[in-house]
2 protein chains.
Amino acid sequence: MKYTINEIAKLCNVGKSTVSRVLNKDPKVRSETREKVQRVIDRLGFQPNRSARAMRAGREPVVGVIVSKLDSGSESQTLRAILQALQVEHITPLIVESRFQAEQVRHHFQLFRKRQVNAVILFGFFPLPLEIVREWQGPLVVIARTYPNINSIYYNDEQAITCLMSELYRQGHRRIAYLGIEDSDETTGKLRTQSYLQFCRSHHILPNLTLVELSAESAYRHCAELFTQPVDALVCATGRLALGAFKFSQQSGKVFQMAYVGYNEPLQYMLPNALSFDFGYYQAGLKAVELLMRQLQGESLTEHHLISVEQS
Amino acid sequence: MKYTINEIAKLCNVGKSTVSRVLNKDPKVRSETREKVQRVIDRLGFQPNRSARAMRAGREPVVGVIVSKLDSGSESQTLRAILQALQVEHITPLIVESRFQAEQVRHHFQLFRKRQVNAVILFGFFPLPLEIVREWQGPLVVIARTYPNINSIYYNDEQAITCLMSELYRQGHRRIAYLGIEDSDETTGKLRTQSYLQFCRSHHILPNLTLVELSAESAYRHCAELFTQPVDALVCATGRLALGAFKFSQQSGKVFQMAYVGYNEPLQYMLPNALSFDFGYYQAGLKAVELLMRQLQGESLTEHHLISVEQS
DNA sequence: CTGAAAGCGCTAACAC
DNA sequence: GTGTTAGCGCTTTCAG
């Protein structure tokens with residue numbers, strides 16, 4: 001049932017090192033011998049023992065992946081890409097959830113050290129203090145946030161908002177409101193808000209915005225504030241907020257064109273006409289793994305990769 | 001930076017087996033010695049090499065987890081539990097997606113064999129032929145579906161439907177429609193449909209049902225068929241279908257009490273008054289790991305575990 | 001080109 | 001109680 005390199009060697013009447021060479025595609029094996037050995041390997045379905053190989057190699061490649069929430073549309077897209085890319089590289093992913101809590105991240109780092117994780121991919125879909133991120137010594141790629149000297153894949157917040165605004169403007173909307181995140185969140189919050197204000201300024205639109213917490217409920221509760229004035233269209237900083245706004249529109253009967261940043265399947269289904277800006281989450285995952293691989297291969301340069309793909 | 005048991009031994013002036021004993025909490029070590037060794041271990045942050053241990057043990061515990069879709073509310077809940085439970089057992093999970101395709105499952109099984117996965121947890125949230133499931137030789141737990149001689153965690157379909165129906169009935173609804181899955185799906189389909197019909201019969205309700213495919217879109221398209229008659233309340237076989245029905249209610253302006261089986265965060269948020277029957281997905285995950293552990297420990301009995309917890 | 005032999009870091013007999 | 005020793009399955013010199 002479970003063969004070892006030794007048994008294969010005996011069956012082939014060769015030394016085990018030859019079998020090893022065949023397994024590792026060492027060119028200096030006579031093709032005749034190679035085929036003989038390969039045939040036996042195939043016939044028996046022999047698989048070299050992973051642990052033994054790992055031990056010999058001195059390290060087993062394991063990448064820790066910290067997502068913020070498993071059931072999040074945008075993150076799942078990225079995670080899917082990461083999983084696939086890592087599989088190709090024969091790297092084992094270790095997935096954990098931060099649930100948007102920096103403290104959890106710290107905790108996971110500890111676990112990773114214990115489990116001898118070589119590298120980490122961290123989803124930063126929420127404000128995360130630099131000093132916590134710094135706690136990870138070793139290869140690291142952060143997604144959706146940037147820090148000095150730390151590799152990252154981040155999204156073009158300005159482009160996302162500007163793009164949505166332009167489209168709404170093109171459609172003829174002029175009273176465009178904005179539901180955003182508080183400035184304490186540098187990227188999803190501050191940056192996007194500023195882009196909104198910037199666009200308003202350059203297009204002579206009177207800003208009408210409210211900043212809330214990153215939850216549908218908070219968005220829902222504060223949405224009414226925007227509608228003390230007439231509103232044609234509403235831009236939401238995230239899909240989560242858009243869900244709250246959608247509920248508001250249901251309850252209040254207000255009709256407006258919806259636009260949001262992110263990928264949210266149920267919302268996309270319920271509101272097919274809404275504008276959504278997908279950053280290219282899948283691409284981001286692939287890129288993250290690529291960056292990580294480079295770090296693992298010793299290149300220690302820092303890169304900040306901008307991902308931006310428009311959709312819908 | 002990276003120590004071995006040998007170095008620790010030298011630093012402590014003990015043999016490496018003593019260090020090993022300390023690591024493995026072998027009782028027959030003088031507490032004095034133990035402390036001395038432990039102190040050094042702690043000070044240096046020494047972590048025994050996983051691969052070496054795994055090799056020695058002859059097997060590295062890896063459990064393959066086949067979910068149908070990463071971003072599914074119900075499954076994420078279960079997956080979360082599985083991840084946590086496996087972590088406690090120091091078992092590495094290998095997560096892959098089936099995307100509701102039996103062929104993918106077969107493919108993943110192959111991968112698992114290559115990667116020397118010891119056991120599998122399979123999410124069966126869709127019809128899956130027995131012969132495919134059989135392809136996995138070895139410890140296996142199937143969630144949400146049962147097969148002869150295969151360990152499983154399954155849900156009490158009858159109870160779920162009956163429970164929702166009873167509650168609707170209690171609330172005074174009499175014209176209760178049902179949106180279900182076709183009979184080709186044994187559990188989510190046939191079983192639930194029958195439970196609906198059963199309830200109708202025993203409570204003298206005129207059945208009003210439509211069977212559709214397992215997608216929101218299909219539900220949405222066929223929903224109108226139910227409303228050729230007056231409807232007070234609607235029971236949906238799954239959260240996905242409920243999403244389609246919700247859209248229908250939006251578009252058609254029909255008002256009715258909604259009820260569905262499953263856990264769906266956005267829906268729960270949008271329709272807080274809807275009745276939902278949560279099977280206890282988290283519990284199911286814990287149970288799945290427990291069953292698997294027993295198999296790994298050699299008990300080869302088959303168990304079919306019924307999970308049922310009511311909520312909302 | 002191929003085989004013999006020496007370990008990788010750890011655990012488990014087996015001695016003392 | 002504790003040290004010594006023999007491998008687990010594999011890769012990698014080092015000789016032939």
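Within every chain, numbering begins at 1; the chains are lettered A, B, ... in the order of the sequence lines, protein sequences first and strands thereafter.
Distances from the side chain of B/Ala52 to the nucleotides D/dT11, D/dG3, C/dC10 place C/dC10 closest.
Atom pair B/Ile5:CD1 and D/dG3:P shows a separation of 12 Å (rounding to whole Å applied). Distance, A/Asn6 CG to D/dG7 C1': 12 Å, rounded to whole Å. One atom, NZ of A/Lys10, and another, C1' of C/dG3, lie 13 Å apart when rounded to the nearest Å. Nucleotide C/dC10 holds its C1' atom 9 Å from the CZ atom of B/Phe46, rounded to whole Å. Between the CE atom of A/Met55 and the P atom of D/dT11 there is a distance of 12 Å, rounded to whole Å. Between the CZ atom of A/Arg56 and the C1' atom of C/dC10 there is a distance of 15 Å, given to the nearest Å. Between A/Lys16 atom NZ and D/dT12 atom C1' the separation is 11 Å, expressed in whole Å. In this structure, A/Asn13 atom CG and C/dA4 atom P are separated by 11 Å, rounded to whole Å.
At a cut-off of 3.5 Å, with distance as the only test, no side-chain donor of A/Tyr263 or A/Glu75 sits close to an acceptor on the other residue.
Between A/Asn49 and A/Thr4 there is no side-chain heavy-atom pair separated by less than 4.5 Å. Annotation: side chain of B/Val141 is in contact with side chain of B/Gln295 (closest heavy-atom distance under 4.5 Å). Between B/Phe123 and B/Ser98, the closest side-chain pair of non-hydrogen atoms is not below 4.5 Å.
Applying the salt bridge (Lys or Arg N to Asp or Glu O under 4.0 Å) rule to pairs touching residues 94-117 of chain A yields A/Glu97-A/Arg99, A/Glu97-B/Arg80, A/Glu103-A/Arg106, A/Arg106-A/Glu135, sequence neighbours excluded.
Looking at residues 17-40 of chain B, you'll see B/Ser17, B/Thr18, B/Arg21, B/Lys28, B/Val29, B/Arg30, B/Thr33 sit with a heavy atom under 4.0 Å from some atom of DNA chain D.
Taking the six-membered ring for Trp and thresholds of 30 and 60 degrees, A/Phe279 and A/Tyr155 have nearly parallel ring planes, at less than 30 degrees apart.
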